[in-house]
Each structure stands twice: as C-alpha cells, then as structure tokens.
Amino acid sequence: MNSNELIESFGEFARSKNIDRPTMMSILDEVFRTMIRKKFDEDSNFDVIINPDNGDLEIWRNREIVDDNSEDIWDFDKIPLAEAQKIEPDFEVGETLPVSIKLEDFGRRAVLMARQTLIQRVKDLERDNLYQKYKDQVGEIVTGEVYQVWSREALIMDKDDNELVMPKGEQIPKDRFRKGDTVRAVVHRVEVINGTPKIILSRAAPAFLERLFELEVPEIYDGLITIKNVVREPGERAKVAVESYDERIDPVGACVGMKGSRIHPVVRELENENIDIINYTDNLELYIARALSPAKVGSMKINPENGRVSVFMKPDQVSLAIGRGGANIKLASRLVGMEIDVFREAIDYEEDISLEEFSDEIEPWIIAELKKIGLDTGRAVLAVKKDDIVRRTELEEETVDDLYRVIRQEFADDDDIDERQAEANKKAAPAAETVETATEAGAPAPTSEEAGAGSAAEVAQ
C-alpha cells in the first residue's frame with residue numbers, strides 16, 4: 001500500500017464518521033510521527049506534510065552538516081560532511097541537509113500497522129465524541145428510530161446513526177416497539193463499559209414526564225410554573241406537584257389546558273397513564289390530602305419524628321386512597337416524602353365483621369384481592385359499588401355478586417336478631433304499663449317472676 005492509497009482510504013473513512021479536517025490532519029500527523037519515532041527514535045527534526053484531499057504525503061528528515069572530526073556527528077540531527085557530500089558534493093559545514101523519506105522505507109508491516117492505528121484512532125475519537133455529546137444531555141428528550149428489539153432491551157438509532165439502548169425496565173409496560181418505529185425517550189444515564197460509552201434511554205423515568213410537560217405547557221418552559229416533584233408507576237399512574245410563581249396563573253388548570261388539550265398529548269405518549277396534577281403547598285396536611293386524591297381525607301395525625309402519617313377517612317374512601325394494587329397510596333407517600341397509613345374512621349366498628357370471618361364461604365384469594373384495595377371488613381365491601389370492585393381487582397362480576405350475597409346474608413341475620421329483640425322490647429312495654437296501672441288501682445302487683453313469665457310467653461308467641 002502506497003501513501004496515496006493509505007491517506008485516501010483514511011480520509012474517506014474519517015469523513016464517513018463526520019470527522020472534521022483539522023482533527024483528521026492532527027490524527028494523520030500523530031500516527032506518522034509515531035512511525036518515525038519507532039524507526040529513528042526522534043521526530044523533532046522531521047517535517048510531515050500531508051494533503052488529505054489528494055492523498056499526498058511528504059516526510060523530510062533535516063540534519064545539520066558537521067565536520068567529520070566533530071564530537072556531534074553521532075547526534076540524531078547531525079550528519080558528517082563526508083556523508084553529506086556523497087549526496088551532493090557542494091555541501092559545506094553548517095548547512096542543513098533535507099532528505100525525503102518514503103512511506104515504503106518504513107516497511108510493509110509498519111504501513112499496515114499505521115492503517116489500523118488510523119482507523120482505531122477515529123473509532124476512539126467517535127466514542128469520545130458520543131460520550132461528550134450525551135453526557136451533557138442526561139435528563140433531556142431525544143428522538144430515535146427503533147433498529148432492533150430484543151427480550152431485554154431495544155436498540156435505538158439517533159439521527160447520526162449512534163446506537164442507544166433502552167432496557168426493558170426503562171420501558172413503559174404497554175410499549176410495543178417494532179423495527180422502524182419512531183420513539184421518544186429521555187437520556188437516563190451514560191455508562192462507559194470497557195472504554196465504550198453506553199447511552200441508556202428511559203421512558204419510565206419521572207424526568208421523561210417532566211420534559212413532556214415542558215414541551216406541552218409554555219408556562220413551565222418559561223419558568224412561570226415549576227414542577228416541584230414527579231412520581232410514577234409507569235403506564236399506570238403518576239402524580240405531579242406544580243406551583244405557580246404568578247398568582248394570576250392556576251398551575252393545575254394551565255397544565256391540563258382547555259378541555260385537556262395540553263395533558264392529552266402527554267397521556268397518549270405515556271400509553272394512557274393516569275396523571276394526577278396537584279397544586280403544591282407548604283401546608284403539609286393540605287399537601288398530603290391533595291396527594292391522596294381522588295380520596296377525601298377526614299383527619300390525620302402527622303409524626304415527623306418517624307416520618308409517618310396516619311390518615312383517617314370514611315370506609316368508602318379507603319379503597320380510593322389505596323388505589324389498585326396500592327398504587328395511589330405508594331405514589332402519595334413518595335410525593336410527600338412520608339409513609340402514609342390509611343385507617344377507617346371509628347364508626348360502628350362493633351357492627352362490622354372482618355373478612356377473615358367469612359373464610360369458610362369466601363376463598364382466601366378473593367379476600368386477598370379485596371385487601372389489596374383496602375377492603376378488609378364486610379361493610380367496607382358493601383359500601384363500594386360492584387363496578388369499582390371489578391375495575392380495581394381481578395374479580396369478575398359474578399364473583400362480586402356472590403360476595404355481596406354472602407356478606408349481606410350475614411348482616412341480614414344480625415339485623416333479624418336485632419329486629420326480634422326490638423319487637424320483644426316493644427311488647428314488653430305494655431305489660432309494664434299494666435303493672436303500674438294495676439298498682440295505682442289498688443290491685444296487688446304481680447311478682448317479678450310472673451311478669452317475667454308473661455314477657456317470655458309474649459316473646460314465644
């Protein structure tokens with residue numbers, strides 16, 4: 001391989017990798033000087049002239065002519081007069097002798113090594129440029145094309161054909177990618193593995209939702225509204241706390257937009273993820289109550305020492321506060337930075353029955369499903385509509401109907417006992433009045449045993 005072929009092939013390769021001319025010249029100069037140092041030990045007295053456009057390469061070795069008896073004749077940049085005059089008889093002491101060095105003089109192996117070194121240097125430079133480019137874009141949205149989909153990750157190509165990776169855990173569970181699809185994601189992190197940068201994208205990170213709101217809501221982009229916190233269960237539910245620096249702007253309304261015009265594109269991008277937008281406040285109790293929406297809070301006790309909050313609410317609100325699979329209360333806890341415990345308000349506890357008492361008629365897995373949404377007593381189940389139970393659990397309508405029937409039957413039995421007792425009390429009341437009337441008229445009052453017997457008989461009747 002001659003110098004023209006070497007430089008032309010390298011120039012074409014470098015241009016395909018978008019390497020600019022000054023950088024390409026610098027790489028060529030460094031590689032050739034490395035070859036010179038390997039052969040001549042020093043390169044300071046060499047001139048390397050390169051023209052990558054037409055593949056020209058000139059290497060000149062410059063040495064000063066010294067007297068044959070000089071002590072410097074062995075220096076790398078000196079040449080004895082006698083040796084110089086063999087090249088040109090007119091040379092004199094003190095002149096500089098330039099000698100052209102051909103690429104072939106370095107040997108075939110050195111030339112092939114130089115070619116490999118040039119290619120490797122471009123690849124190293126490409127990796128460094130990729131790392132520097134995406135290191136500064138962490139947390140920003142990028143758009144790419146799906147190139148390959150595997151079981152554990154998807155390979156995304158950006159507009160410069162750089163390879164980006166989106167692991168399965170960073171995808172929304174409902175995402176279904178196919179080759180050629182255009183996908184948006186946020187740069188989650190940049191890792192260097194064995195010298196090679198790995199760009200990891202994410203659609204499940206809270207930052208992705210935050211950047212989408214910045215794109216759709218001008219007030220957030222301009223800084224009039226700030227996003228205080230974002231928590232997500234990707235593909236299921238998210239909570240966003242926002243605050244306005246302008247009293248005239250409603251932050252929640254601005255994020256939702258007219259008839260949902262601003263939030264709908266975000267929801268579609270996130271595969272119909274439910275998004276709760278909350279007005280941030282420094283009032284911790286109010287903030288917690290808003291975080292638990294759509295449930296309505298009755299009262300709460302905050303223990304800042306252990307970071308826990310006890311929230312009390314009506315039985316029909318507990319399942320709303322907990323959410324399907326506990327998602328709502330988990331997100332609320334993460335949003336406010338405290339562990340939230342939900343309790344039913346102490347109303348008619350003595351009349352309620354734990355679901356564990358129905359274990360002989362209701363299968364354990366059904367009880368477990370109900371407990372997941374905060375329903376652990378009979379009256380709590382009856383207080384929730386059938387459609388809500390079906391939507392929040394894995395139970396079918398027929399199963400819920402049977403569930404209602406079993407629980408209602410238990411409470412109906414208790415109600416019958418209460419009704420019979422109340423009827424007995426009503427019938428016992430006239431007997432007591434008769435006793436009092438007879439006593440007033442002067443008749444002997446019946447003994448307590450007689451009165452008791454009469455009451456018992458009436459109950460029997």
Side-chain angles (χ1 to χ4, degrees), residues 17-20 23 122-150 152-175 177 181-243 255 262-263 265-271 273 275 277 280 331 334-335 337:
K17 299 297 183 179
N18 297 318
I19 305 299
D20 56 83
T23 303
V122 170
K123 290 182 177 179
D124 291 343
L125 184 63
E126 185 181 23
R127 286 196 290 262
D128 185 64
N129 289 342
L130 179 64
Y131 176 79
Q132 295 297 331
K133 173 184 177 181
Y134 281 101
K135 182 187 70 173
D136 299 332
Q137 291 190 41
V138 172
E140 299 297 328
I141 284 182
V142 296
T143 302
E145 181 179 314
V146 177
Y147 183 77
Q148 189 71 44
V149 180
W150 298 294
R152 294 187 177 181
E153 61 184 18
L155 181 63
I156 313 296
M157 306 294 287
D158 68 3
K159 62 180 180 179
D160 297 324
D161 289 336
N162 295 314
E163 295 183 357
L164 316 176
V165 175
M166 189 187 303
K168 193 70 174 178
E170 299 299 336
Q171 300 174 23
I172 297 174
K174 298 178 183 178
D175 282 336
F177 298 131
D181 288 349
T182 299
V183 60
R184 285 197 296 179
V186 71
V187 180
H188 191 46
R189 62 182 184 274
V190 179
E191 299 176 348
V192 179
I193 302 175
N194 297 328
T196 302
K198 185 176 182 180
I199 316 302
I200 299 175
L201 305 182
S202 175
R203 285 169 55 82
F208 184 50
L209 176 55
E210 190 172 345
R211 296 290 90 77
L212 289 175
F213 268 111
E214 288 181 0
L215 293 176
E216 299 295 337
V217 184
E219 290 85 352
I220 294 179
Y221 183 81
D222 295 336
L224 297 175
I225 296 175
T226 182
I227 297 177
K228 302 294 289 187
N229 197 9
V230 177
V231 291
R232 294 179 63 193
E233 287 291 333
E236 295 294 333
R237 198 180 194 95
K239 289 183 182 289
V240 183
V242 294
E243 184 180 25
C255 292
R262 291 179 173 178
I263 199 171
V266 178
V267 171
R268 285 195 298 269
E269 181 68 40
L270 299 180
E271 302 292 347
E273 186 172 309
I275 302 176
I277 302 178
Y280 177 80
L331 291 177
R334 287 159 52 190
L335 188 71

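What you find for Pro173 and Pro234 is that their closest heavy atoms are CD-O, 3.4 Å. Contact record, Gln137 with Val142: OE1-CG1, 3.6 Å, taken as the closest heavy-atom pair. Taking both residues in full, the closest heavy atoms of Val242 and Cys255 are given as CG1-SG, 4.1 Å, listed atom of the first, atom of the second, then distance. Residue Ala207 comes nearest to Val186 through the heavy atom pair CB-CG2, 4.4 Å, listed as atom of the first residue, atom of the second, then distance. The shortest heavy-atom contact between Leu331 and Lys239 is CB-CD, 4.0 Å. Minimum heavy-atom separation, Ser202 to His188: CB-CB, 3.7 Å.
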Before you tell me yes or no, could you show the steps for Val187 and Leu201 under side-chain contact (heavy atoms from CB on, under 4.5 Å), namely the whole-Å CA-CA distance, both residues' side-chain angles and the distance that decides it to 0.1 Å? CA-CA 5 Å; Val187 180; Leu201 305 182; 4.1 Å; yes
In sequence, state the C-alpha distance, the side-chain angles, and the governing distance for Leu209 and Val240, and then conclude on side-chain contact (heavy atoms from CB on, under 4.5 Å). CA-CA 9 Å; Leu209 176 55; Val240 183; 3.7 Å; yes
Please test Val230 against Phe213 for side-chain contact (heavy atoms from CB on, under 4.5 Å), starting from the C-alpha separation and ending with a verdict. CA-CA 11 Å; Val230 177; Phe213 268 111; over 6 Å; no
Could you walk me through whether Lys133 and Asp158 pass the side-chain contact (heavy atoms from CB on, under 4.5 Å) test, one step at a time? CA-CA 12 Å; Lys133 173 184 177 181; Asp158 68 3; 3.7 Å; yes
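Residue Met166 holds its CE atom at 11.5 Å from CD1 of Ile200, rounded to the nearest 0.5 Å. Rounding to the nearest 0.5 angstrom, the gap separating the CD atom in Glu145 from the NZ atom in Lys159 is 14.5 Å. Rounded to the nearest 0.5 Å, atoms CD (Glu273) and CD1 (Ile172) are 6.0 Å apart. Note: Gln171 CD to Glu271 CD = 11.0 Å, rounded to the nearest 0.5 Å. Within the model, atoms CG of Leu130 and CG of Asp160 stand 9.5 Å from one another, a figure rounded to the nearest 0.5 Å. The line from CD of Glu191 to OH of Tyr131 is 10.5 Å long, rounded to the nearest 0.5 Å.
No side-chain heavy atom of Val217 sits less than 4.5 Å from a side-chain heavy atom of Ile263. Here the side chains of Ile199 and Asn162 are not in contact, with every heavy-atom distance at 4.5 Å or above. Side chains of Ile156 and Phe177 form no contact here, defined as non-hydrogen atoms less than 4.5 Å apart.
No more than 12 heavy atoms of other residues, nucleotides or ligands sit less than 6.0 Å from atom OH of Tyr147.
In this structure, the side chain of Arg189 does not engage the main chain of Val138 through any donor-acceptor pair within 3.5 Å. Under the 3.5 Å distance criterion, the side-chain polar atoms of Arg211 are matched with a main-chain donor or acceptor of Gly139. Between the Arg152 side chain and the Pro167 main chain, no donor and acceptor come within less than 3.5 Å of each other.
A salt bridge (Lys or Arg N to Asp or Glu O under 4.0 Å) with Arg262 holds for exactly one of Glu214, Glu219, Glu216; it is Glu219.
Partners of Arg334 according to the salt bridge (charged side-chain N to carboxylate O under 4.0 Å, His left out) rule, which considers only residues two or more places apart in sequence or in another chain, are Glu233. Here Tyr280 pairs with Tyr287 under the ring-ring contact (aromatic ring centres under 6.0 Å, His included) rule; sequence neighbours left out.
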